[in-house]
Participant: 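Below is the structure I would like to discuss, written out as structure tokens.
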Amino acid sequence: MSLSAEIFIDKAYIDGRWRDAERRFSVSNPATGETLASVPDLTADDARDAVAAAEAAWPAWRRQTAKQRAALLRAWFDAIMAHQESLARLMTLEQGKPLAESRGEVAYGASFVEFYAEEAKRMAGETLPSHGADKRILVFREPIGVVAAITPWNFPLAMITRKCAPALAAGCPVVIKPAEATPLTALALARLAEEVGFPAGVLNVVTASRPAEIGEVLTTDPRVRKVSFTGSTRVGKKLLAQCAGTVKKASMELGGNAPFIVFDDADLDAAVEGAVASKYRNSGQTCVCTNRLLVQSGVYDAFIEKLAARVAQLKVGNGLDDGVVQGPLINPAAVDKVQSHIADALEKGGRLVCGGEPHALGGTFFQPTVIADVTEAMHVAREETFGPLAPVFRFDSDEQAIAMANATEFGLAAYFYARDYRRIWHVMEGLEYGMVAVNEGILSTELAPFGGVKESGLGREGSHHGLDEFTELKYVCVGGL
Ligand SMILES: NC(=O)C1=CN([C@@H]2O[C@H](COP(=O)(O)OP(=O)(O)OC[C@H]3O[C@@H](n4cnc5c(N)ncnc54)[C@H](O)[C@@H]3O)[C@@H](O)[C@H]2O)C=CC1
Ligand SMILES: O=C(O)[C@H](O)CS(=O)(=O)O
């Protein structure tokens, strides 16, 4: 079967069957506003059907050997990569990111499937020194059970595979609720999973325009034992509270407020490249995007000049067009947030260096923007912009930079550029973040534990740590020996 970006899958996927519904909702292309397709607008009852299907599929799925689960995951990886171009085009159509970024996301998302196909065979238990000659201690690692995955629109494929691959590898069935803005990529993934032979009920996709109704089921149904969420901290807190009633294990990948610190001994050209990569990836719509640039006084003007020259080269347009590196924002509300942050900063003394306005293309296209002389009195100091705005703060001492960087309730990703090794160790250890990049602007890989501290979330995704999120330990004490 070949997946074509022009042939959209327009049914949800529950218990190995494609499900339609009378009520449907439309999916549009953020670059043009055109309607791409419509998908079923499922209800709480449909969500309960998906949970029931997952629970029914679980015993057989967990009885499969690790090698059998690994083989299916590997086949899914191969299918995803075989359809990289179709999936990338589909993603650009429904989310807006440039085609090159979409291709990159397909490979990034597939890398989690490949990695956990391998990790499945390493889900080991252990024996421990016992507390008596007549006793033995056994520790088993077991699949936690039915997993609910609620995923965002900004990485329509990778955020699904980053959750489902370890869950499936561990022996757990999954119910996916993708973002209402980007369900088509999720359904294409389900089609490929069906194609390679995942058993009915092991992977389910519930499409809905009213997420709260579906979320209520997924966070309160006792048959669901794990909720894995990526999205806003606001929604994450709500879901976490809803999980409390049945004491569900929860992973939360939430919002960020990433500092990007440039010290006076940094390689400024490398720092500019890193800042552009970190700030403007997906038009600034990632949770690990730089949200604040902190630049030491001695290099402040030089850095601003270099950054502005580089930002001016960024081509804005439809992600399907050659050379475009900045697509549209996901919706008008995203544009409003960027504009409110710009207006507030300029009103409070910020200096517009470049951009600052909606793009001449109209719609939700926005000019990549740099504002200098930004201070902690401005909203951008505390709020995640989630758009192509680079606010540049100034600092003098290393201690001041660390304090400014940590002055937030978030703690997901932080970046800094420096060359003195004592400074690097001092700053790396002083930053209160789940992830720190030193002289790098992009840190995401399936090989490392991705996640935040404070109000940026709970748990880790990727690396062998990512498998732990979907397993429980069972301690067995064997006595009378
Ligand atoms: N940490 C991360 O990776 C991400 C963070 N964000 C943050 O979220 C903000 C808004 O982006 P959105 O995609 O709108 O995030 P969101 O948090 O509103 O939505 C994320 C997912 O949660 C679902 N959802 C929303 N309300 C829900 C509810 N009451 N019950 C169950 N599910 C619910 C949505 O349908 C979507 O699937 C961004 O401005 C950014 O701050 C967004 C995407 C990724
Ligand atoms: O949700 C996001 O923004 C992603 O987690 C960022 S990344 O992992 O693709 O870098």
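Note that ligands are numbered from 1 as they come in the structure, with each ligand's atoms numbered from 1 the same way. Quantities reported herein were computed from a predicted structural model and do not represent experimental measurements.
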Participant: Which ligand 1 atoms, with their elements, are less than 4.0 angstrom from a heavy-atom of Glu253?
Facilitator: 1 (N), 2 (C)
Participant: In the protein, what heavy atom is nearest to atom 28 (C) of ligand 1, and what distance, to one decimal place, separates them?
Facilitator: Ala212 CA, 3.8 Å
Participant: Which ligand 1 atoms, with their elements, are less than 4.0 angstrom from a heavy-atom of Leu239?
Facilitator: 30 (N), 31 (C)
Participant: Which of the atoms in ligand 1, numbered in the order shown and given with their element, are less than 4.0 Å from a heavy-atom of Pro152?
Facilitator: 43 (C), 44 (C)
Participant: For ligand 2, which atoms sit closer than 4.0 Å to a heavy atom of Arg162?
Facilitator: 5 (O), 8 (O)
Participant: Between Glu114 and Arg74, is there a side-chain heavy-atom distance shorter than 4.5 Å?
Facilitator: yes
Participant: Which option out of Gln242, Lys238, Lys177 puts a heavy atom nearest to atom 34 (C) of ligand 1?
Facilitator: Lys177
Participant: Among all protein heavy atoms, pick out the one at the shortest distance from atom 40 (C) of ligand 1; state its residue, atom name and that distance to 0.1 Å.
Facilitator: Glu384 OE1, 3.2 Å
Participant: Counting only heavy atoms, tell me which of Glu216, Glu383, Met252, Glu180 gets closest to atom 35 (O) of ligand 1.
Facilitator: Glu180
Participant: Does NZ or CZ of Lys97 come closer than 6.0 Å to the centre of the six-membered ring of Phe155, within 45° of the ring's axis?
Facilitator: yes
Participant: Among Pro211, Ser232, Gly451, Ala334, whose heavy atom sits nearest atom 32 (N) of ligand 1?
Facilitator: Pro211
Participant: With respect to Ser444, determine whether any N or O atom, backbone or side chain, lies less than 3.5 Å from an N or O atom of ligand 2.
Facilitator: yes
Participant: I need the atoms of ligand 1 closer than 4.0 Å to a non-hydrogen atom of Thr151, numbered in the order shown.
Facilitator: 21 (C), 36 (C), 37 (O)
Participant: Is there any N or O on Pro152 that sits under 3.5 Å from an N or O of ligand 2?
Facilitator: no
Participant: Counting each atom of ligand 1 from 1 as listed, which ones have a heavy atom of Leu254 under 4.0 Å away?
Facilitator: 1 (N), 2 (C)
Participant: Out of all atoms in ligand 2, which are within 4.0 Å of some heavy atom of Cys287? Include the element for each.
Facilitator: 1 (O), 2 (C), 3 (O), 4 (C), 5 (O)
Participant: Could you say whether the N/O atoms of Asn154 and ligand 2 ever approach to under 3.5 Å?
Facilitator: yes
Participant: With the side chain counted from C-beta on, respond yes when Leu240 and Phe229 share a heavy-atom pair under 4.5 Å apart, and no when they do not.
Facilitator: no
Participant: So which of Ser456, Cys289, Gly231, Ala186 gets nearest to atom 5 (C) of ligand 1, if we judge by its closest heavy atom?
Facilitator: Gly231
Participant: Specify the closest pair of heavy atoms between Ala52 and Arg223, including all atoms of both residues, with the distance to one decimal.
Facilitator: CB-NH1, 3.5 Å
Participant: Indicate every side-chain donor-acceptor pair of residues 434-441 with a distance under 3.5 Å to a residue at least two apart or in another chain.
Facilitator:
unit_1	atom_1	unit_2	atom_2	d
Asn439	OD1	Ala418	N	3.0
Asn439	ND2	Ala418	O	2.9

Participant: Could you tell me which atoms of ligand 2, counted from 1 in the order shown, lie closer than 4.0 angstrom to a heavy atom of Val288?
Facilitator: 6 (C), 10 (O)
Participant: Relative to atom 25 (C) of ligand 1, which among Thr182, Val288, Val235 owns the nearest non-hydrogen atom?
Facilitator: Val235
Participant: Hey, which atoms in ligand 1 end up nearer than 4.0 Å to a heavy atom of Thr230?
Facilitator: 2 (C), 3 (O), 20 (C)
Participant: Tell me whether Glu273 is salt-bridged to Arg310, with the criterion being a basic N under 4.0 Å from an acidic carboxylate O.
Facilitator: yes
Participant: Classify the angle between the aromatic ring planes of Tyr13 and Trp18 as parallel (below 30°), tilted (30 to 60°) or perpendicular (above 60°).
Facilitator: tilted
Participant: Among protein heavy atoms, which lies nearest atom 38 (C) of ligand 1, and at what distance?
Facilitator: Phe386 CD2, 3.6 Å
Participant: Looking only at protein heavy atoms, which one is nearest to atom 23 (C) of ligand 1, and how far off is it?
Facilitator: Ile150 CG2, 3.8 Å
Participant: Is the closest heavy-atom distance from Met159 to ligand 2 below 4.0 Å?
Facilitator: yes
Participant: Nearest protein heavy atom to atom 12 (P) of ligand 1, by residue and atom, and its distance?
Facilitator: Trp153 NE1, 3.1 Å
Participant: If the test is ring-ring contact (aromatic ring centres under 6.0 Å, His included), which one of Phe263, Phe303, Phe260 qualifies with Tyr417?
Facilitator: Phe260
Participant: Pull out every atom of ligand 1 sitting under 4.0 Å from any heavy atom of Cys287, numbered as shown with elements.
Facilitator: 1 (N), 2 (C), 3 (O), 4 (C)
Participant: Rounded to the nearest 0.5 Å, how far does CD1 of Ile330 lie from OG of Ser283?
Facilitator: 10.0 Å
Participant: Is the shortest heavy-atom distance from the side chain of Glu461 to the side chain of Phe112 under 4.5 Å?
Facilitator: no
Participant: Any donor and acceptor pair, going by atom type alone, linking the side chain of Asp321 with main-chain N or O of Val324 inside 3.5 Å?
Facilitator: no
Participant: Looking at Gly215, which atoms of ligand 1 are within less than 4.0 Å of one of its heavy atoms?
Facilitator: 31 (C)
Participant: What protein heavy atom lies closest to atom 9 (O) of ligand 2? Include the residue and the distance to one decimal.
Facilitator: Arg281 NH2, 3.0 Å
Participant: Nearest 0.5 angstrom please: Leu412 CG to Lys454 NZ, how far?
Facilitator: 11.5 Å
Participant: Would you find a donor on one side and an acceptor on the other, under 3.5 Å apart, between the side chain of Arg24 and the backbone of Asp10?
Facilitator: yes
Participant: Would you check whether Phe229 reaches within less than 4.0 Å of ligand 1, judged by its heavy atoms?
Facilitator: yes
Participant: Side chain to side chain contact (heavy atoms under 4.5 Å, CB included) with Lys163: which of Val174, Thr230, Leu168?
Facilitator: Thr230
Participant: Any donor and acceptor pair, going by atom type alone, linking the side chain of Asn282 with main-chain N or O of Asn154 inside 3.5 Å?
Facilitator: yes
Participant: Determine whether any protein heavy atom is located less than 4.0 Å from atom 19 (O) of ligand 1.
Facilitator: no
Participant: Passes side-chain hydrogen bond (donor to acceptor under 3.5 Å, both in side chains), Asp468 versus Thr471? Steps please.
Facilitator: CA-CA 5 Å; Asp468 297 346; Thr471 63; 4.6 Å; no
